[in-house]
Amino acid sequence: MDRQSGYLNIFPPMDPGMMQYGAGSNNASLSPYLNVDPAYLSQGGPEWIFPEGASRQRGRFELAFSQIGGAVMTGAFLGGAQGFYGGYKQMAASNQIASIKRTQLLNHITKRGAGTANTLGVVAVMYSGFGVLFSFVRGVDDEINTIAAGACTGLLYKSSAGLKRCGIGGAIGLGLTSIYCLWTSKDRIKQMLNIV
């Protein structure tokens, strides 16, 4: 059966001009798969489509998911490493057979890894929740939201340990987020303070 006389005629006729490739050809940059010149596809504009009036960066709510997941994964890794170290020290001091030592080591790793992952995950959920709340209430996403979210997270996380520890937790959250903002927004802070 001829290619152009198929039952449903789904194959378009071949254009011999599209298949000329080589050094002296004008069609050297044509795609052999799409029969389209790639210069028409990328015209130097943005690669993503944004609705009218939307910002070109992700908001606090979208960033919350990656922050929470990253905190949980980091906590699992750090806690697992700490559990491995503690379990290895305890395993070396005991006179048990190898299978019991291995089981104890795995128990230390999983217990410490899960505990640290839960702790950092809870802190990340609180921080992200406060950040989204402040962005929604104020209508702007800036460094003030980040610093306030860090301070409120520290206050809330240590709120059950008494007033003194609650204040220490708030100060730690305020300090960490202030350092983060100073590190990531140097140019913007200089512009706000009119420092050249």
For [Y], is there any backbone N or O sitting under 3.5 Å from a side-chain donor or acceptor partner on [X]?
X      : Y      : value
Ser128 : Val125 : no
Ser66  : Leu63  : yes
Asn145 : Val140 : yes

In the hydrophobic clustering (ILVMFWY, side-chain contacts below 4.5 Å, transitive), which residues join Val122, or is it alone?
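Via sub-4.5 Å side-chain contacts, Val122 links to Val123, Met126, Phe130, Phe134, Leu156, Tyr157.
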How close do [X] and [Y] get, heavy atom to heavy atom, and via which atoms?
X      : Y      : value
Ile100 : Gln96  : CD1-OE1, 3.7 Å
Thr146 : Tyr127 : CG2-OH, 3.2 Å
Ala124 : Gln67  : CB-O, 4.1 Å

Of all pairs that satisfy salt bridge (charged side-chain N to carboxylate O under 4.0 Å, His left out), the ones with a partner from residues 129-140, not counting sequence neighbours
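Output for this query lists Arg138-Asp142.
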How would you list, by chain and number, every residue that makes a ring pair (Phe, Tyr, Trp, His ring centres under 6.0 Å) with Tyr85, sequence neighbours excluded?
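Checked Tyr85 against ring pair (Phe, Tyr, Trp, His ring centres under 6.0 Å); zero matches.
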Tell me, please, which residues at least two apart from Phe136 pass ring pair (Phe, Tyr, Trp, His ring centres under 6.0 Å).
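For Phe136, no residue satisfies ring pair (Phe, Tyr, Trp, His ring centres under 6.0 Å) once neighbours in sequence are set aside.
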All N/O donor-acceptor pairs, side-chain side in residues 160-180, below 3.5 Å, sequence neighbours left out:
from	atom 1	to	atom 2	distance (Å)
Thr177	OG1	Gly173	O	2.8
Thr177	OG1	Leu174	O	3.2
Ser178	OG	Leu174	O	2.7

Taking Ile109 as the starting point, is it possible to reach Met91 by hopping between hydrophobic residues whose side chains are less than 4.5 Å apart?
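The answer is yes; both residues are in one hydrophobic cluster.
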Lys101, NZ atom: more than 12 neighbouring heavy atoms under 6.0 Å:
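More than 12 heavy atoms, drawn from other residues, nucleotides or ligands, come within 6.0 Å of this atom.
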Student check: side-chain heavy atoms of Gln90 and Gln104 closer than 4.5 Å:
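Of all side-chain heavy-atom pairs linking Gln104 with Gln90, none is under 4.5 Å.
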Step by step, work out the side-chain contact (heavy atoms from CB on, under 4.5 Å) result for Phe84 and His108.
CA-CA 6 Å; Phe84 177 78; His108 278 279; over 6 Å; no
I'd like a table of donor-acceptor pairs (distance under 3.5 Å, sequence neighbours excluded) in which one partner is a side-chain atom from residues 68-79, with atom names and distances.
from	atom 1	to	atom 2	distance (Å)
Thr74	OG1	Gly70	O	2.7

